[in-house]
Amino acid sequence: MSERKSVMIIGGGASGLMAAIFAAKEGAAVTVLEHSQSFGKKLLATGNGRCNLTNVQIYGDSYRGSHREFAAKVLERYDNRQTIAFFSKLGIYTMNQAGRLYPHSQQASSVLDVLMMEARHRKVKLKTCEEVKVIAKEGDSFRVLTENWTYHADRVILCTGSPASNISGADDSGYQLARMLGHQVIKPLPALVPLRCKGKWFSSWAGIRVDAKVTLLIDKEKKAQERGEVQMTNYGVSGIPIFQLSGYAVRALDDGRQAELLLDFLPEFEERNLRAFLQMRREQCPYKNEKELLCGLFPDKLIPILLKTGFPQSIKELRLQVQSAHSMTNAQVCSGGVDVTQVQPRTLESSLCPGLYFAGEILDIDGACGGYNLQWAWSTGAIAGSSAGREKG
């Protein structure tokens with residue numbers, strides 16, 4: 001009979017706990033080292049505390065990165081249906097809200113609780129306040145040094161997440177450990193984040209929420225488009241459509257390129273039809289001035305801005321130049337991370353350092369809003385854990 005493998009998992013978030021469970025299911029002796037005082041702190045904050053654990057639809061543009069085809073290969077091996085079945089077996093009954101799946105309890109703590117229960121059931125050792133300082137490869141095994149102890153393991157899975165989030169414990173320590181073991185890290189930048197724009201009117205429209213179609217231009221070329229509720233702020237724009245586009249915009253700015261947003265406040269109208277519609281409104285109420293003409297179409301605070309910025313074209317194409325993003329602490333995730341060309345998509349094992357695996361946000365893959373980032377954690381955690389825990393020879 002083969003010797004039982006020891007698997008050391010660095011990071012006790014969503015991907016780390018998933019990896020621990022799946023490695024233990026393979027018969028490995030598993031230890032999870034978490035550097036903060038508790039497990040799953042970022043998981044508890046997801047979905048505004050309700051935990052949007054996956055989505056019923058996975059699209060081609062649901063994931064981004066320097067090599068986003070890597071995400072498709074991973075999700076072929078462990079997809080959203082397997083995730084739903086896994087959590088159902090653990091006791092999570094899901095509810096569907098426009099394709100986004102939440103626990104019926106509407107509590108992220110339920111998801112964390114069942115993961116912790118399953119990990120303990122499978123005899124996973126769960127250790128907090130253990131900050132890893134060094135990982136060294138020694139022959140076919142690893143030496144893992146923390147401030148308090150030296151551990152030895154046959155295999156190591158890095159599940160340390162990213163510095164995105166204002167939750168204590170979110171940092172770039174995983175990237176440092178990956179570099180220590182020979183890996184390249186694509187520069188981490190904030191994603192799913194509000195955008196600061198150039199303009200003088202932002203304080204006057206702060207607080208407005210309006211349905212709009214938003215088009216992102218990179219160096220005048222269309223990059224992507226989203227529609228939904230846009231939040232106007234005193235620095236620029238926020239809301240889910242902005243979050244979805246933000247990663248592309250921030251990466252472009254970091255590369256020295258120009259990023260612009262085109263806001264369409266009546267996306268259901270073609271421009272020609274809009275002009276006819278406005279003319280009809282004028283004819284119906286000829287006593288109204290242009291400001292009064294727009295009453296009932298747009299929020300009061302938006303009307304003066306539309307009139308000052310090239311009305312009526314500004315209704316279909318209000319142009320904003322993106323200046324920067326909010327900081328990493330205001331981002332839900334980050335783009336960038338460990339270069340996936342150095343990782344095997346079938347197993348998530350390093351191509352440079354045998355026995356080393358990766359899972360979760362540490363990799364250079366980030367998802368759109370809607371449960372896709374947690375799905376990435378579940379998929380990569382399950383694959384890395386199974387692969388690392390499997391006995392060989």
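Computed from a predicted structure; not experimentally measured.
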Nearest 0.5 Å, what's the [atom1]-[atom2] distance between [X] and [Y]?
X      : Y      : atom1 : atom2 : value
Asn80  : Ile58  : CG    : CD1   : 4.5 Å
Leu43  : Thr46  : CG    : OG1   : 5.0 Å
Lys137 : Arg143 : NZ    : CZ    : 13.5 Å
Asp366 : Leu192 : CG    : CG    : 7.0 Å
Leu262 : Ser314 : CG    : OG    : 12.5 Å
Glu290 : Ile303 : CD    : CD1   : 11.5 Å

Should the heavy atoms of other residues, nucleotides or ligands under 6.0 Å from [atom1] of [X] be counted, would the total exceed 12?
X      : atom1 : answer
Asp300 : CG    : no
Gln37  : CD    : no
Lys288 : NZ    : yes
Arg282 : CZ    : yes
Glu221 : CD    : no
Asn48  : CG    : no
Lys125 : NZ    : no
Arg179 : CZ    : yes

(request) Take Leu263 and Met232 through the test side-chain contact (heavy atoms from CB on, under 4.5 Å) and record every step on the way to the result. (result) CA-CA 11 Å; Leu263 273 59; Met232 312 307 189; 4.0 Å; yes

[Y] and [X], any side-chain heavy atoms less than 4.5 Å apart:
X      : Y      : result
Phe87  : Leu101 : no
Leu297 : Phe265 : no
Phe243 : Gln332 : yes
Tyr357 : Val7   : no

Of all heavy-atom pairs between [X] and [Y], which one has the smallest distance, and what is that distance?
X      : Y      : value
Val30  : Ala24  : CG2-N, 3.6 Å
Glu361 : Ser162 : OE2-OG, 2.5 Å
Ala259 : Leu216 : CB-CD1, 4.3 Å
Leu245 : Ala224 : CD2-CB, 3.5 Å
Pro103 : Arg50  : CD-O, 3.2 Å
Ala191 : Ser335 : CB-N, 3.9 Å

(request) Let me know which of Asp79, Ile84, Thr94, Asn373 forms a side-chain contact (heavy atoms from CB on, under 4.5 Å) with Thr54. (result) Ile84

(message) Strictly below 4.0 Å, N to O, side chains only: are Arg122 and Glu118 in salt-bridge contact?
(response) yes

(request) Answer yes or no: is there an ion pair linking Arg319 with Glu317, defined by an N-O contact shorter than 4.0 Å? (result) yes

Are [X] and [Y] connected in the hydrophobic side-chain network, where two residues link if heavy atoms are under 4.5 Å apart?
X      : Y      : result
Leu126 : Leu44  : yes
Ile362 : Ile167 : no
Leu363 : Leu374 : yes
Met180 : Val132 : yes
Phe22  : Leu90  : yes

(request) Could you tell me which residues satisfy ring-ring contact (aromatic ring centres under 6.0 Å, His included) with Phe358, sequence neighbours excluded, listed by chain and number? (result) His183

(message) Go through it in stages, so that I can follow the logic: the residues are Asp113 and Ser110, the test is side-chain hydrogen bond (donor to acceptor under 3.5 Å, both in side chains), and I'd like the CA-CA distance, side-chain angles, deciding distance and then a yes or no.
(response) CA-CA 5 Å; Asp113 287 345; Ser110 300; 5.6 Å; no

(request) Indicate yes or no for a side-chain donor-acceptor contact from Asp264 to the backbone of Ala212 under 3.5 Å, with no hydrogens or angles considered. (result) no

(message) Donor-acceptor pair, distance only, cut-off 3.5 Å: does the side chain of Ser6 make one with the backbone of Asp154?
(response) yes

Please check if any side-chain donor atom of [X] sits under 3.5 Å from a side-chain acceptor atom of [Y], or the reverse.
X      : Y      : answer
Ser327 : Asn330 : yes
Thr341 : Asp339 : yes
Lys41  : Ser168 : yes
Thr215 : Gln225 : yes

(message) Using the rule given for side-chain contact (heavy atoms from CB on, under 4.5 Å), can you reason through Val343 versus Phe70, listing the C-alpha separation, both sets of side-chain angles and the distance that settles it, and then say yes or no?
(response) CA-CA 9 Å; Val343 180; Phe70 182 90; 4.0 Å; yes

(request) Flag this pair as yes if the NZ/CZ of Arg68 is under 6.0 angstrom from the six-membered ring centre of Tyr63 and inside a 45 degree cone about the axis; otherwise no. (result) no

(request) List the steps, then state whether side-chain contact (heavy atoms from CB on, under 4.5 Å) holds for His326 with Ser246. (result) CA-CA 10 Å; His326 271 208; Ser246 62; over 6 Å; no

(request) Please report the C-alpha distance between Leu17 and Leu112 in whole Å, then the side-chain angles of each, then the deciding distance to 0.1 Å, and finally whether the side-chain contact (heavy atoms from CB on, under 4.5 Å) criterion is met. (result) CA-CA 9 Å; Leu17 291 172; Leu112 178 59; 3.6 Å; yes

